[in-house]
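Just so it is clear: chains get the letters A, B, ... in the order the sequence lines come, proteins before strands, and each one is counted from 1.
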Amino acid sequence: MDAAVRELSYAQAIQEAMALAMEADDRVFLMGEDIGVYGGAFQVTGDLVERFGTDRVMDTPISELGGAGVAVGAAVTGMRPIFEFQFSDFATLGMEQIVNQAAKMRFMLGGEVSVPLVMRFPAGSGTGAAAQHSQSLEAWLGHVPGLKVIQPATPHDAKGMLLAAVADPDPVMIFEHKLLYKMKGPVPEGHYTVPIGKAEICRAGRDLTVVATSIMVHKALEAAETLAGEGIDIEVVDLRTIRPMDKQTVIDSVMKTSKLLCVYEAVKTLGIGAEVSAMIAESEAFDYLDAPIVRLGGAETPIPYNPDLEKATVPQVPDIVAAARDLAKGVR
Amino acid sequence: MATARKAISPEQTNQPFAYRQYSPEQLRDVLYKMYLIRRFEEGAEDSYMRGLIHGTMHLSIGQEASAVGICTPLNEDDQITSTHRGHGHCIAKGADVKRMFAEFFGKTTGYCKGRGGSMHIADVAKGNLGANGIVAGGIPIAVGAALSAKRMKTGKVVVSFFGDGANNEGAFHEALNMASIWKLPVIFVCENNGYGMSTSTERSTAVKNIADRAAAYSMPGVIVDGNNFSEVAEASHIAAERARAGEGPTLIESKTYRYRGHSKSDRNRYRTKEEIEDWMSNRDPIMLFETELKEFGIIDDKGIEAVREAVKQEIAAGIEFAKVSPAPELGDLGRYVYTEVA
């Protein structure tokens, strides 16, 4: 019998996954700034401290570098920490431990250890928090062999991928768009996993492939509805994992539609869109392309405070509609 | 070694700690280990000069009493994190020099299967979680290992070795603070050899003693002569007992000196020949320990000669093992990046 499915918010789905992981395995614990009685800056841990106590829902001092290092050390010696960065921007303070230690420790030691570490990063713009609290830095970490980097877009995937991340023997970095936290969607009860490294076709279509990540999946789906009214049929691929990337799903989709649009919130240059585009250009799908590949990414600027400027910094639904329409009609 | 203790008779109580705590056989083993570290590093240096080892290395010759003194009171399953100058720590924690040489030679029989080299030497089975190429990189990791020990109630103690240079890194301060607020079983060991690369502690560090910084994190700060085995071992013993009793961390500053340069590129322009000569002639840790052992009748010249000869043979066998060991297959380049799932 299928587990009962309820509507949960993205934040509730993550919280439920963390609670299930802690119930199932004593080694799992949470670390982060103000995740205890405060409930986390975005209320993702919520009241978990009441259920699991302060040893397993551990508030840390404001010490991102040291805290990340403690998580690495705990992971390598038998625990299964889930470490929350209060904002993904603060990864910049913990980068040494993430990039030099967590990612490389197994390799440097010739496979003698594993680092079963999960790190969560509330990311993205749209909250008016300006340039130091709104970035999308997932491609930075996606550049580092040894890490796995995921961006679940739905409550269903947020829960299933977090449970997959906790079970994974290697460090998994989860980028959660802050505007998704309140979004609701169907989430099965109980334990299930959504595999890391698998993209999903969340809307099948014949005219154009849109490869999107995180919140851009929802914007692409909205754009697809608008364009369906114009007779343009878009296929939307939710990449879900950026390292290791599910190349085959993207290749197969592009071979079917012959056109590719990449949509992501991070700064456009040297980003995920560049990687997906190059991957297609190197693949058997290249010969199937009927038009140049198009990327829609963030502007080449820090995220501004003013709400209109902020919106203009990242792709919005009308931008996707316009780009997809032009590409489908061969204007480009 | 920590478990085997001698009964203390009243006439022995004026002796230094090590001579009350350890049997003559254990003390001769300590001498053996100190020689093994020195000859290992001389052997590694020689192999480097001959082009058998590439890259670079950071030698701890002159710091042997510090490494062995800290590790002697530890149990086999206690853990350490180490530094770029970590060969001595690795040997002191029980590593086999054969597999260390093999690692330096880049061979599959090395501790890291040729992927780590000198700067990432580790021996996880003996509790060495690894040297580190990042100054202070291992300090928060040690705190994390101590958190595991506390949560899983393993009774383990974790030692984090680092140099004087690390005490000005943010990671040092963040790690000490967390270890203290959570009362974790960790011992912070600063091996102060006077210079972070070329910059002296006088020029780099606002406090006179690095141990003074312990006060800021409400933990004991202990200064020891890092070239005196017994003094170092006593401080480590006390800190380990405190940690195991759940009373939290200790910061030990072990004042010592490295004879060689920072790494193989060092032109030694920041210190005088006289200074180096003074440490080598008057404060050499092995020489001081030998003198004490002879004074207490634990070893004679013949016994010392036998130790040196045995070490020489172990080193020669280690280098030979490394030379004849197989190199990694190029096709295995991608291994160990991720855990292979069967």
Side-chain angles (χ1 to χ4, degrees), chain A residues 26-27 29 31 54-56 58-81 83 93-94 96-97 99-117 144-148 167-172 196-197 243-244, chain B residues 79 81 103 108 110-117 119-125 129-134 136-152 154 156 158 160 169-179 181-182 184 186 328 334-341:
Chain A
D26 286 343
R27 300 171 302 171
F29 71 104
M31 282 180 76
T54 51
D55 277 359
R56 299 189 72 193
M58 269 179 87
D59 278 327
T60 68
I62 302 175
S63 300
E64 287 83 3
L65 172 59
V70 170
V72 173
V76 90
T77 51
M79 300 288 283
R80 297 230 165 210
F83 186 89
L93 293 153
E96 194 284 296
Q97 284 291 331
V99 175
N100 292 319
Q101 313 294 342
K104 295 174 175 55
M105 203 161 172
R106 176 175 175 77
F107 185 83
M108 293 189 299
L109 271 55
E112 291 295 314
V113 295
S114 288
V115 187
L117 166 68
V144 183
L147 301 179
K148 297 179 181 179
D168 198 286
D170 297 315
V172 180
I196 293 166
R243 174 180 280 274
Chain B
Q79 291 168 318
T81 64
E103 185 57 34
T108 54
Y111 274 111
C112 310
K113 303 188 181 71
R115 270 69 171 181
M119 222 167 345
H120 303 296
I121 195 74
D123 179 6
V124 179
L129 299 174
N132 213 303
I134 305 297
I139 308 178
I141 293 174
V143 175
L147 179 65
S148 286
K150 183 169 180 172
R151 290 282 185 272
M152 301 197 293
T154 60
K156 289 181 192 176
V158 186
S160 180
E169 288 276 13
F172 164 87
H173 296 272
E174 294 186 17
L176 263 69
N177 183 57
M178 283 186 279
I181 58 175
W182 296 327
L184 298 179
V186 57
R335 289 194 72 185
Y336 316 121
V337 179
Y338 296 101
T339 304
E340 296 83 1
V341 180

note = Of the listed A:P244, A:G146, A:P169, the one with the largest count of heavy-atom pairs under 4.5 Å with chain B is A:G146
ask   = When only pairs under 4.5 Å are counted, which of B:L184, B:N177, B:N132 shares the most heavy-atom pairs with chain A?
value = B:N132
task = State, to 0.1 Å, how close A:T77 and B:G144 come at their nearest heavy-atom pair, and which atoms those are.
result = OG1-O, 4.1 Å
query = Between the main-chain N or O of A:A74 and the side-chain N or O of B:S148, is there a donor-acceptor pair closer than 3.5 Å?
reply = yes
ask   = Counting N and O atoms only, with roles assigned by atom type, does the side chain of B:E340 sit under 3.5 Å from a partner on the main chain of B:R335, one being a donor and the other an acceptor?
value = no
remark   = If one checks every heavy atom of A:I62 against chain B at 4.5 Å, the contacting part turns out to be neither
inquiry  = Under 4.5 Å from any heavy atom of chain A, what part of B:E103 do you find: side chain, backbone, both or neither?
reply    = neither
key: Most contacts with chain A, counted as non-hydrogen pairs under 4.5 angstrom, among B:K113, B:M119, B:K156, B:K150   = B:K113
ask   = Quick one: of A:D55, A:D26, A:V72, who has the most non-hydrogen atom pairs under 4.5 Å with chain B?
value = A:D55
key: Qualifying residue, where the test is side-chain contact (heavy atoms from CB on, under 4.5 Å) with A:K104 and the options are A:V115, A:V144, A:L147   = A:V144
query = For the atom pair CG (A:L109) and CG (B:L129), what is the distance rounded to the nearest 0.5 Å?
reply = 8.0 Å
task = Return yes if some donor-acceptor pair links the side-chain N/O of A:E64 with the main-chain N/O of A:G94 below 3.5 Å, else return no.
result = no
Proximal component of B:A171, with respect to chain A [non-hydrogen, under 4.5 Å] = both
task = Using a cut-off of under 4.5 Å on heavy-atom pairs, state which of B:T108, B:V143, B:L147, B:I134 scores highest against chain A.
result = B:I134
remark   = Interface check, chain B: of A:M58, A:R106, A:K148, A:M105, most non-hydrogen pairs under 4.5 Å belong to A:R106
message = To check you understand the geometry: which heavy-atom pair defines the closest contact between A:P116 and A:P81, and what is its length?
response = O-CD, 3.9 Å
note = Greatest number of non-hydrogen atom pairs under 4.5 angstrom with chain A, of B:H173, B:M152, B:R151, B:M178, falls to B:R151
message = Quick one: does any side-chain atom of B:R115 pair with a main-chain N or O of B:H120 as donor and acceptor, under 3.5 Å?
response = no
ask   = Using non-hydrogen atoms only, which part of B:Y338 is less than 4.5 Å away from chain A: side chain, backbone, both, or neither?
value = both
request  = Side chain from CB out, backbone as N, CA, C, O: work out which of these in B:V124 comes under 4.5 Å of a heavy atom of chain A, or both, or neither.
outcome  = side chain
